[in-house]
Amino acid sequence: MTIPLFGGSPDEPAAKPASDATVRMRVLITVKAAPNPSEKYGETVCVAGLRIDPGHEGWVRLYPINFRELGENASFKKYDVVTVDAVPARQDSRRESWRPRMDTLRREARLPDWKRRQPWLDPMTEQTTMCRLHRGATMDTPSLGLVKPQHIRTLQIKPHPGWTPAQQAKIDAYVGQCTLFGDEDRAPLRAPRFSASFHYDCTEPGCNGHRQGFIDWEFVAFSLLRLNHMSDDEAQAQLKDRFLDKLCGPKNDVSFYVGNVAAHPRTFSVLGLYCPPRLLSRRR
């Protein structure tokens, strides 16, 4: 077992505090999942990152976050460092899950290049494998991780089926509230154009392969905003070129940010890609 950089066991995240006292934390943002409909907020996003407070380092999940409501000083991107007050998410038993107090969130800094990101994140790629996460999945074991694929078999892309009736009902209810209170400019959340999944083998000997949904916001936004003039076949080819051939190509040292579903701990998704150039990784 690899000895973790920050101490403790990679197989058991720190337990949540027993009290509901607010905790101030500094988080290096690494994941912004695709938004989902919310009747109360219109849309919510699950954000994950690496807490970098001395003595408390480790993965954290911040939910819910509504990016439309963030002010200029609070809006953030992937690989920004933010400070936020949060309380343990009691309705989510996963140890890494916290509920942020959005009025306290501030963008503190940005790590603009791989040389500044890698000292924090490269050690995390050595702590576990996808097989190990899946084999030990319970509420007391990691629900977030950064895992290396030994071999990526394919990125499967297909048209998204659209919102379910339950999701559409949440959107309609939110839009109805906005209209009632004179906020008609709130556009309803668009469904993703495509859904995608990675099929890959992790680095554990004897791995039989993993097939996991790819729910990165970057993938969804790229297809909706940059490829809207293309046919489905053309757009799918462009998505594979960008997210498989280029980002996951041989020039990059690829790892997957992965996370599981609260109600189904053994169901993991690929939340995002970590792709520093391979040359930089060799120099470290």
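In this chain, residues are counted from 1 in sequence order.
Around atom CZ of R266, more than 12 heavy atoms belonging to other residues, nucleotides or ligands sit under 6.0 Å away. Annotation for R24: atom CZ counts as buried by contact number, over 12 foreign heavy atoms lying within 6.0 Å. More than 12 heavy atoms of other shown residues, nucleotides or ligands fall within 6.0 angstrom of atom CG in N228. The local environment of CZ in R190 is sparse, with at most 12 non-hydrogen atoms from other residues, nucleotides or ligands closer than 6.0 Å.
With sequence neighbours left out, T129 forms a side-chain contact (heavy atoms from CB on, under 4.5 Å) with C131, R132, C202, T203, E204. Partners of Y79 according to the ring-ring contact (aromatic ring centres under 6.0 Å, His included) rule, which considers only residues two or more places apart in sequence or in another chain, are W114. Applying the ring-ring contact (aromatic ring centres under 6.0 Å, His included) rule to F76 yields the partners F67; only residues at least two apart in sequence or on another chain are considered.
The heavy-atom pair separating R117 from R110 by the smallest distance is NH2-NH2, 4.0 Å. C275 and L247 get closest at one heavy-atom pair: SG-O, 3.2 Å. In plain terms, the two heavy atoms of P192 and H160 that are nearest each other are O-CB, 3.0 Å. When all heavy atoms of D232 and R193 are compared, the pair lying nearest together is OD1-NH2, 3.0 Å. Here the closest non-hydrogen pair linking I152 and C248 is CD1-CB, 3.7 Å. Taking each heavy atom of P37 and I171 in turn, the nearest pair found is CB-CG1, 3.6 Å.
Note: the hydrophobic cluster containing V87 does not contain M102 (ILVMFWY, side chain heavy atoms under 4.5 Å, direct or indirect links).
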Using side chain to side chain donor-acceptor pair (under 3.5 Å), reason through H199 and R211 one step at a time and then give a plain yes or no. CA-CA 4 Å; H199 190 192; R211 189 183 299 274; 3.0 Å; yes

Report the C-alpha separation of L105 and L62 in whole Å, then their side-chain angles, then the decisive distance to 0.1 Å, and conclude whether the side-chain contact (heavy atoms from CB on, under 4.5 Å) test is met. CA-CA 11 Å; L105 194 151; L62 300 173; 5.5 Å; no

Where do W98 and V84 land on the side-chain contact (heavy atoms from CB on, under 4.5 Å) test, with the steps shown first? CA-CA 11 Å; W98 291 74; V84 65; over 6 Å; no

Checking side chain to side chain donor-acceptor pair (under 3.5 Å) for the pair T83/E108: CA distance, chi angles, key distance, verdict? CA-CA 7 Å; T83 59; E108 180 182 292; 4.7 Å; no

Using side-chain contact (heavy atoms from CB on, under 4.5 Å), reason through R61 and C46 one step at a time and then give a plain yes or no. CA-CA 7 Å; R61 177 186 292 102; C46 183; 3.4 Å; yes

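Taken from CG in D201 to CD in Q150, the straight-line distance is 8.0 Å, to the nearest 0.5 Å.
Between Y274 and Q118, the closest side-chain pair of non-hydrogen atoms falls below 4.5 Å. Under the 4.5 Å side-chain criterion, counting only non-hydrogen atoms from C-beta, S97 is not in contact with Y63. Between L144 and L271, some side-chain heavy-atom pair lies under the 4.5 Å cut-off. A 4.5 Å side-chain heavy-atom check between V23 and R51 finds at least one atom pair inside the cut-off.
One finds no salt bridge joining D113 and K115 here, because no Lys/Arg side-chain nitrogen approaches an Asp/Glu carboxylate oxygen to under 4.0 Å. Between K246 and D241 there is a salt bridge, with a side-chain nitrogen of the basic residue lying less than 4.0 Å from a carboxylate oxygen of the acidic one.
Note on ring orientation: taking the six-membered ring where Trp is involved, the planes of H134 and F268 are tilted (angle from 30° to 60°).
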